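Quick caveat, the model's predicted, so the values are computed rather than measured.
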Amino acid sequence: MANIGFIGLGIMGAPMALNLQNGGHKLYLHDRRNPPGDLIEGGATVCTSGAEVAKRADIIIVMVPDTPHVEAVLFDKGGVAEGLSPGKIVVDMSSISPIETKRFADKIKSQGAEYLDAPVSGGEVGAKAASLTIMVGGSQEAFDKVLPLFQLMGKNITLVGGNGDGQTTKVANQIIVALNIQAVAEALLFASKAGADPAKVRQALMGGFASSRILEVHGERMVKRTFNPGFRIELHQKDLNLALQGAKTLGVSLPNTAAAQELMNSCAAHGMSGLDHSALCRAIEMMSNHEIAKG
């Protein structure tokens, strides 16, 4: 049993923490809201600050929405950095800027602690099922120590390279996911407008070369009109911003990523930023004056 700190208990963080607890580990929790009752009932300890979490835990996991949130959790007054001592490991499983990740890692390592960036893919479904894909940047030694915890939360776990490389991989993942959502939305809209049943079209496509996890999960959401968030549009907007900012810095062109971002911007402008990212189809539907299916 290890003493694990967990900061950030939202849609993703809460089930991830529960999987660690079910794996037999002692949890020390901190969140801006009251932690879920099942974690408390299972024996987790609520801490008043990130510093307290860091003092009491050997490995501190952070799972918050964006780069400024990670920086605040780590370095604001009462933050994780105040409670660190040599030998401890900070694991940021948020999806944030690769450039800022390298800066955060340098600051944490200057205190004698280790740092892993370990963003995830798989959404709420994957978090609950402990089937997340985990993309890790950091040292082999730190990775090996945390690997048993990663295995309680995910299935496909890869040490990609040094600090920042995990976040770079996650940005690449989000490009692929966004473009696949856009492709599925356009295909199902085309089929629906042509008079075909989009549910049966999706079923047929699942048996062919067009089959994908996005078609399976997000295509079903588009047909059934279930846009309650597993991963919110506003968070995918943030990830695509990271991609486009990085592309500008690197001097590369990502034209389709930019188009997907504009569709998400349209959804947000129409008050849909809190919906699941499969609701990107709504932007295409509005442009076409046709819905894939009726809710």
State, with a plain yes or no, whether a side-chain heavy atom of [X] is found less than 4.5 Å away from one of [Y].
{"X": "Ser95", "Y": "Leu235", "value": "no"}
{"X": "Val136", "Y": "Val146", "value": "no"}
{"X": "Met222", "Y": "Arg202", "value": "no"}
{"X": "Lys55", "Y": "Glu82", "value": "no"}
{"X": "Arg282", "Y": "His270", "value": "no"}

Where [X] and [Y] come nearest, the two heavy atoms and their spacing:
{"X": "Leu152", "Y": "Gly23", "result": "CD1-CA, 4.0 Å"}
{"X": "Gly8", "Y": "Val64", "result": "CA-CG1, 4.1 Å"}
{"X": "Asn163", "Y": "Gly137", "result": "ND2-O, 3.3 Å"}
{"X": "Ala259", "Y": "Gln182", "result": "C-OE1, 4.3 Å"}
{"X": "Asp92", "Y": "Val62", "result": "OD1-O, 3.4 Å"}
{"X": "Gly219", "Y": "Val184", "result": "CA-CG1, 3.9 Å"}

Linking I/L/V/M/F/W/Y whenever any side-chain heavy atoms sit under 4.5 Å apart, do [X] and [Y] land together?
{"X": "Ile7", "Y": "Leu29", "answer": "no"}
{"X": "Val120", "Y": "Ile4", "answer": "yes"}
{"X": "Ile181", "Y": "Val217", "answer": "no"}
{"X": "Phe150", "Y": "Leu18", "answer": "yes"}
{"X": "Tyr28", "Y": "Val80", "answer": "no"}

Using 4.0 Å as the upper bound for N to carboxylate O, is an ion pair formed by Glu216 and Arg213?
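Judged by the 4.0 Å cut-off on N to carboxylate O distance, Arg213 and Glu216 do form a salt bridge.
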
Within the distance-only criterion (no hydrogens, no angle test), does the side chain of [X] pair as donor or acceptor with the backbone N or O of [Y] below 3.5 angstrom?
{"X": "Ser211", "Y": "Gly207", "answer": "no"}
{"X": "Glu285", "Y": "Leu189", "answer": "no"}
{"X": "Asn3", "Y": "Asp58", "answer": "no"}
{"X": "Asp276", "Y": "Ser278", "answer": "yes"}
{"X": "Arg221", "Y": "Ala279", "answer": "no"}
{"X": "Gln21", "Y": "Leu27", "answer": "no"}
{"X": "Ser97", "Y": "Ile99", "answer": "yes"}
{"X": "Asp117", "Y": "Gly166", "answer": "yes"}
{"X": "Lys88", "Y": "Ile60", "answer": "no"}

Verify whether one side chain among [X] and [Y] offers a donor that lies under 3.5 Å from an acceptor in the other.
{"X": "Lys26", "Y": "Thr45", "result": "yes"}
{"X": "Asn173", "Y": "Ser121", "result": "yes"}
{"X": "Asp144", "Y": "Gln140", "result": "yes"}

Atom [atom1] in [X], atom [atom2] in [Y]: separation rounded to 0.5 Å?
{"X": "Ser266", "Y": "Met272", "atom1": "OG", "atom2": "CE", "result": "6.5 Å"}
{"X": "Glu71", "Y": "Lys107", "atom1": "CD", "atom2": "NZ", "result": "6.0 Å"}
{"X": "Met287", "Y": "Asn289", "atom1": "CE", "atom2": "CG", "result": "12.0 Å"}
{"X": "Met153", "Y": "Leu132", "atom1": "CE", "atom2": "CG", "result": "8.0 Å"}
{"X": "Arg232", "Y": "Ile11", "atom1": "CZ", "atom2": "CD1", "result": "5.5 Å"}
{"X": "Lys193", "Y": "Ile292", "atom1": "NZ", "atom2": "CD1", "result": "13.0 Å"}

Evaluate the ring planes of His218 and His277, with Trp represented by its six-membered ring, and classify them as parallel (under 30°), tilted (30 to 60°) or perpendicular (over 60°).
perpendicular

Quick one: sort the His236 and Phe231 rings into parallel, tilted or perpendicular, breaks at 30° and 60°.
perpendicular

Side chain to side chain contact (heavy atoms under 4.5 Å, CB included) between Phe104 and Thr67: does it pass, once the steps are laid out?
CA-CA 10 Å; Phe104 298 163; Thr67 306; 4.1 Å; yes

Any chance [atom1] of [X] has more than 12 other-residue heavy atoms, nucleotides or ligands included, within less than 6.0 Å?
{"X": "Asn228", "atom1": "CG", "result": "yes"}
{"X": "Arg103", "atom1": "CZ", "result": "yes"}
{"X": "Lys109", "atom1": "NZ", "result": "yes"}
{"X": "Lys238", "atom1": "NZ", "result": "yes"}
{"X": "Phe190", "atom1": "CZ", "result": "no"}
{"X": "Gln111", "atom1": "CD", "result": "yes"}

Apply side chain to side chain contact (heavy atoms under 4.5 Å, CB included) to residues Glu52 and His30 and explain how you reach the verdict.
CA-CA 9 Å; Glu52 183 184 352; His30 181 63; over 6 Å; no

Under the criterion side chain to side chain contact (heavy atoms under 4.5 Å, CB included), I'd like the reasoning laid out for Lys145 against Glu114: C-alpha separation, chi angles, the key distance, then a yes or no.
CA-CA 11 Å; Lys145 289 178 181 177; Glu114 280 286 352; over 6 Å; no

Evaluation steps, side chain to side chain contact (heavy atoms under 4.5 Å, CB included), between Ile108 and Phe75
CA-CA 9 Å; Ile108 293 298; Phe75 304 116; 3.8 Å; yes

